K.L.:
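Here's a structure for you.
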Amino acid sequence: MNKITVSAPGKLMLLGEHAVVYGRPYIVTAVGQRMRAIVELTEKPVFQLNAPDVQVENYQKPMSDLGKDDIPKGAKFVEMAVSQFTSEVGKTGIKVTTASEFSSQFGFGSSSASTVCVIKALSELTNKKLSNKQIFDLSYKTVLDIQGKGSGFDVAAAVYGGTLYFVPPGKMIEPLKIASLPLIVGYSGIKADTVTLVNEVLEKAKKYPKVIDDVYTAIGNLVRQAKKAILKSDWLTLGELMNLNEGYLSILGVEGRKLADMIYSAREAGAYGAKLSGAGIGDCMIAVTPAGKSKAVTKAITQAGGQVIDVKANVEGVRIEK
Ligand code: PMV
């Protein structure tokens, strides 16, 4: 075999963002919008990449130059993922084509999903047949080498799929076995800058260490309770815990006016609970909603200026496509 197609899901953080960076647990769900990669071993020792979703077309360089020189932003994750396998592929080249079912704007984790796809594909093509934990570790290392920071939750969702309770940095990865998750997702239209927001929260923690550490601890506690609620499909309790989590995110300063409007509108329209998902200020908010209220909640989020995205939560992790 010298060619394979692999896909991996995007993600949404359900609870625990920011506190996770300081070791507290979080819960993430994999979403139905997937990243796909076709990976091929070729004769000439050249790396080729086509990733039209991020404006990378016919990007090429010798395999021996992988990771060197200025790498275009859209090529970084795939190139660094490929570079983990240079010794295994010997003198052959590698051609990668990626295609995403979702806009990289949503904050669904397209970079991590493409990293995971490439590592899974090369693990198969080189017959290494890595386990999911090994794929997680190698993908997380690749992402950290590029970003320097990050809890790896998007990598975990892309590898394992489903809904995960996770204690960083991979100390415990527990799949939460549930049949479904009644989520409504609203996109704010604002791009969240994760690294900037993580640094802003860090500054706040330096100034008010005791206060902010207590906030992280409180978030960790509510995440542990939310895990129990999810396992019982107790969406009312999950919603209430999401509202508590949002309060703490507001203390951290990452709520943002637009997201707050969408979140409070969703609650007023009958959601059990609503909060931001991810770094905050922009990207998406999520609402846990009783079935009978989903139309009203959708309308309320739209009226608050959000775009409701059709998202299936709790989907399968990385997989080989036929
Ligand atoms: O905005 P996103 O989807 O990259 O989420 C960031 C979540 C943080 O907890 C703020 C950072 C992290 O790496 O976990």
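Just so it is clear, the structure is predicted and the values come from calculations on it, not from any experiment. In each ligand, atom 1 is the first atom listed, and ligand 1 is the first ligand listed.
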K.L.:
Looking at Asp145 and Lys76, is there a salt bridge between them, counting it only when a charged N and a carboxylate O are closer than 4.0 Å?
P.N.:
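No, this pair does not count.
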K.L.:
So which protein heavy atom does atom 1 (O) of ligand 1 come closest to, and at what separation?
P.N.:
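Among all protein heavy atoms, the one nearest atom 1 (O) of ligand 1 is Ala279 N, 2.9 Å.
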K.L.:
Tell me which protein heavy atom sits closest to atom 3 (O) of ligand 1, plus the residue, atom name and distance to 0.1 Å.
P.N.:
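Heavy-atom neighbour on the protein nearest atom 3 (O) of ligand 1: Lys11 NZ, 2.5 Å.
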K.L.:
Under 3.5 Å between any N/O of Gly150 and any N/O of ligand 1: does that happen in this structure?
P.N.:
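No, Gly150 has no N/O under 3.5 Å of an N/O on ligand 1.
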K.L.:
Classify the side-chain pair Thr163/Asn314 by whether it contains a donor and acceptor separated by less than 3.5 Å.
P.N.:
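Side-chain D/A pair, Thr163 to Asn314: present.
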K.L.:
Under 4.0 Å from a heavy atom of Val20: which atoms of ligand 1 are those, numbered in the order shown and with their elements?
P.N.:
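Near Val20, meaning under 4.0 Å from one of its heavy atoms, ligand 1 has 9 (O), 14 (O).
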K.L.:
Is atom CE of Met1 surrounded by more than 12 heavy atoms (other residues, nucleotides or ligands) closer than 6.0 Å?
P.N.:
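Atom CE in Met1 is packed in, count exceeds 12.
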K.L.:
Of all the non-hydrogen atoms in the protein, which one sits nearest to atom 8 (C) of ligand 1, and at what distance?
P.N.:
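Scanning the protein heavy atoms, the shortest distance from atom 8 (C) of ligand 1 goes to His18 N, 3.9 Å.
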K.L.:
Note the single closest protein heavy atom to atom 13 (O) of ligand 1, along with its residue, its atom name and the distance in Å.
P.N.:
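Looking at atom 13 (O) of ligand 1, the protein heavy atom closest to it is Ser151 N, 2.9 Å.
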K.L.:
How far is atom 2 (P) of ligand 1 from its nearest protein heavy atom, and which residue and atom name does that atom have?
P.N.:
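Scanning the protein heavy atoms, the shortest distance from atom 2 (P) of ligand 1 goes to Thr194 OG1, 3.6 Å.
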K.L.:
Check each heavy atom of Phe153 against ligand 1 and say whether those closer than 4.0 Å belong to the side chain, the backbone, both or neither.
P.N.:
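Phe153 to ligand 1: side-chain contact only, backbone stays beyond 4.0 Å.
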K.L.:
What is the ring orientation for Phe47 with Tyr59, classed by angle as parallel under 30°, tilted 30 to 60°, or perpendicular over 60°?
P.N.:
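Correct class here is perpendicular.
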K.L.:
Do the two ring centres, one from Phe166 and one from Tyr160, sit under 6.0 Å apart?
P.N.:
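Centroid distance Phe166-Tyr160: not below 6.0 Å, so no.
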K.L.:
Look at atom NZ of Lys228 and say whether more than 12 heavy atoms of other residues, nucleotides or ligands are closer to it than 6.0 Å.
P.N.:
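No, because the 6.0 Å sphere around NZ of Lys228 holds 12 heavy atoms or fewer from other groups.
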K.L.:
With nothing but distance in play, are any N or O atoms of Glu17 less than 3.5 Å from an N or O of ligand 1?
P.N.:
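No; the residue has no nitrogen or oxygen that sits under 3.5 Å from a nitrogen or oxygen of the ligand.
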K.L.:
Is there a donor-acceptor pair closer than 3.5 Å between any side-chain N or O of Asn245 and the backbone N or O of Gly16?
P.N.:
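Yes, because the side chain of Asn245 sits within donor-acceptor range (under 3.5 Å) of the backbone of Gly16.
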K.L.:
Closest non-hydrogen protein atom to atom 11 (C) of ligand 1, residue and atom name please, with distance?
P.N.:
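That would be Val21 CG2, 3.8 Å.
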